[in-house]
Amino acid sequence: MKPLPLRRLCSLSKTVSSSAAAVALPSPSRPPPSFSLSPAQDPITLLCDRGRFSEAIDLLSCQRRLPPSAPRRLDISSSARRIASAAISSGVSLPLVLANRLLDLLAKSGALPDARLLFDSLPHRDVCSWNTLLAGYSFAGDLDEAKRLFDRMPDRDHFSWSTILSAHSRRGLPGEALHFYRSMLRASNGKGAIFSNRFTASSALAAATAVPCLRHGKEIHCHIVRMGFDSDAIVWSALSDMYAKCGCINDARHVFDRIADKDVVSWTTMIGRYFDSGQRMEGFYLFSQMLRLGVQPNEFTFAGVLDACSHLAMEGLGRQVHGYMTRIGYGPLSFSVSALVHMYSKCGNIEKASVVFKGMSRPDLVSWTSIICGCAQNGHSEEATRFFDLLLQSGTKPDQIVFIGVLSACAHAGFIDKGLRIFHSIKDEHSLEHTSDHYACVVDLLSRAGRFEEAEEIIEKMPMKPDKFLWASLLGGCRLHKNLRLGKRAAEALFDLEPENAASYVTLANIYAAAGMWDEVEKVRKTMDQLGVIKKPGSSWIEVKRKFHVFLVGDKSHPMTEDIYMQLDKFNKRMKEEGYVPDTDYVLHDVEDEQKEENLAYHSEKLAVVFGIIATPQDTPIKVFKNLRICGDCHTAIKFISRISRRIIIVRDSSRFHHFKEGMCSCRDYW
DNA sequence: TTAGGGTTAG
């Protein structure tokens, strides 16, 4: 066996050395079974003509079992309809088992009305016939009809209960699902029949998880233990998931550790829950452990791990996951490819994201959205709009989310007319409703361009109440154009909506500071103090040689502090010679200019960039990540630094990427 | 012949 390619993952391992880790490659998948049919023959018609309904149903059932990627020769829905209509018109009475199988084929392939017709035409029905139709309505999301049918059932068994229970849980009605679970327990006791089994238990757990309700979850847990369903991996996975989603990650891990036969889903779920709870490193440890134990990850696992890499901007690790995926093979239509595109975009490597995207033979809407948003965030606005045009040409129907991506690209690049055209096309050409996000984007677009009257007009006319994103966009535009009146209005709306968010106070204070209105700045500061609003400390980090280096403003804790400050001072001197003027507007406090410069000079992003310059080879791009938005002065300074040092510098802040090269930024200062 | 757990885009 070859060594595991994910060296980095194994280096994260707590217990096993990387050299010991290895995984077996999956065996090559067998070609899917297929039928040799000449196009002129329709086997279903031929079989039905000869009254061989049983074989026709067998053939169709076989086809349905093929994996989605296999070439399917028969259309299940129309073939099943043909069998049903031939059987009914021939007057042949199908044996009940066969009729039920046909009913299932119809119900699950979207031919529900035909399934109903067949059901109604049956001279005899058993509980399986009822369950099958019930599952059909549940599958189609017609819960009202499913419930009506359930109420009318002459007999119910555990299939009936688990079908109605999981239907409500899956369709966003977990409270109803739990209600059914309680009714089922009552019915079990009353009639002496025991309906609960591992299926109803796992569905009920999924419902308690979706609420989420720890109390119900624990009750179900007790019931599971009492009933002895503890040997089933699915029940245990669902139990672990319930604890994690109810905020008890340690209990979830405890349950997970006790699962005897953990399968890929159990692993993927537990790893994902660590990521959800913010314990991303724990998630990575568990992923590496899974690989070491030889459990083959699947698309769900990859998608989850890649998403975590995106959040932490861990491109190195993401790349290794990509390599692993390539090695074991993944389909060009796989949804984990979207996660790859997203990961590379979020790590600032839009070129690689684009290569991966272009490797997809038929990208789906999520993949298009990933690449369009990725381009938008990385300052490749023209590319984003080009991809959007290609999306429309491909015949894929855009949804409301993808419009957010392309509109934000237009807003960031100042494509006003194009952005407005696209905004209006949402309703006029694509028959979609505008969402509050679309309004926020168009207000962003107009206010960045200083077109405040139009922005205000849109706000007055919009059918819903403006949300915090819209006001924040407007406030940002006002800061850019020093619009005091509207800035105040936007800030006050934000204070109402999210009084605890320091960013709005700081931006308003910065607008006052830029206008020299120090009394107002002081008032804002006092309000913040009175309300106990705490400014989130800015921090920046950079990954060098697989280690993260984190910096705060004026940070002197780094082992290389002396070198960093010395180099930064050199840059400052050279920058000033080349015309850099510190933009002191961005400092909240009313202090002397010299002191203000001092505050600015050691912002976390500058420290991280300078450390990157010192610690990495000349030809590698420097990638810095900041938890807040980059400050305007740092933006100017880093442009100078990129020219002086001849380095490519990429800064990902809380809202977008800035690619600095030869004194320019990809955002063209329009941010 | 009918029922259960994990996923990607703003």
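Every chain is numbered from 1, with letters handed out A, B, ... down the list of sequences.
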Please list, one pair per line, the donor and acceptor atoms closer than 3.5 Å that link side chains of residues 403-410 of chain A to other protein atoms, with sequence neighbours excluded.
unit_1	atom_1	unit_2	atom_2	d
Ser408(A)	OG	Ile404(A)	O	3.2
Ser408(A)	OG	Gly405(A)	O	2.9

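Note on Lys108(A): only backbone sugar-phosphate atoms sit closer than 4.0 angstrom, heavy atoms only; bases stay farther off.
As rounded to whole Å, 6 Å separates atom P of dA3(B) from atom CG of Asp104(A). Atoms CG (Leu165(A)) and C1' (dT2(B)) sit 16 Å apart, rounded to a whole Å. Taking atom CH2 of residue Trp161(A) and atom C1' of nucleotide dA3(B), one finds them 14 Å apart after rounding to whole Å.
For the 3.5 Å distance criterion, the side chains of Arg226(A) and His221(A) fail to qualify, holding no donor opposite an acceptor.
Sorted by first and then second residue, the salt bridge (charged side-chain N to carboxylate O under 4.0 Å, His left out) pairs with a member in residues 252-262 of chain A read Arg253(A)-Asp257(A); sequence neighbours excluded.
Residues meeting the ring-ring contact (aromatic ring centres under 6.0 Å, His included) test with His380(A), sequence neighbours left out: His659(A). Taking Glu498(A) as the reference, Lys468(A) meet the salt bridge (Lys or Arg N to Asp or Glu O under 4.0 Å) condition, with sequence neighbours excluded. With sequence neighbours left out, the ring-ring contact (aromatic ring centres under 6.0 Å, His included) criterion links Trp130(A) to Phe119(A).
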inquiry  = For nucleotides 4-10 of chain B, give me one character per nucleotide, 5' to 3': B if any protein heavy atom sits under 4.0 Å from the base, S if the only such contacts are to the sugar-phosphate, - if neither.
reply    = BBBBBBB
